[in-house]
Amino acid sequence: MYMPWPLPDENWFADTSHQPEPDHEDLRLEALVAQRLSIDWTTRRQQITVSVQNRVVILAGVVSDSNARQVAADLAYDVPGIFDICNTLRLSGPRRSRR
């Protein structure tokens, strides 16, 4: 899992010995997606965590706007070998109502 900083709801002291080892292909895809997100000017400064399970990318974290959220999903989906995207990225700050 590529994660430059911990998220507030993660328990770093939990026992993870019962979790299965990630597949080699999932690790490769995870690295490719993380690399694309770190290169693109829209997503490189965002707080995005990337993980891959069974060729499904899980994007988590906080982004500054809905455009960055969409670009992150598009970049991940363009990686060859990705089956689907689970985009759980949240927008930072309070939501504004549209009038």
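Quantities reported herein were computed from a predicted structural model and do not represent experimental measurements. Each residue takes its place number in the sequence, starting with 1.
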List the residues meeting side-chain contact (heavy atoms from CB on, under 4.5 Å) with [X], not counting sequence neighbours, and say none if there are none.
X   : value
Q53 : I58
D65 : N67, A68
L89 : I48, L59, V63, R69, A72, N87
Q35 : L32, I39

If I compare all heavy atoms of [X] with all of [Y], which pair ends up nearest, and what's the gap?
X   : Y   : result
V52 : V57 : CG2-CG2, 4.0 Å
N54 : D26 : N-OD2, 2.9 Å
R36 : P80 : NH2-CD, 4.2 Å
I82 : A76 : CG1-O, 3.5 Å

How many angstroms lie between atom OG of S51 and atom CG of L29, to the nearest 0.5 angstrom?
12.0 Å
State yes or no: do [X] and [Y] share one hydrophobic cluster built from I, L, V, M, F, W and Y residues joined by side-chain heavy-atom distances below 4.5 Å, directly or via other members?
X   : Y   : result
V71 : Y77 : yes
L75 : L91 : yes
F83 : L27 : no

Under the side-chain hydrogen bond (donor to acceptor under 3.5 Å, both in side chains) test, residues paired with S64 that sit two or more places apart
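Once residues adjacent in sequence are excluded, the partners of S64 under the side-chain hydrogen bond (donor to acceptor under 3.5 Å, both in side chains) criterion are Q46.
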For R55, enumerate each residue passing the side-chain hydrogen bond (donor to acceptor under 3.5 Å, both in side chains) test, keeping only those at least two apart in sequence or located in another chain.
none
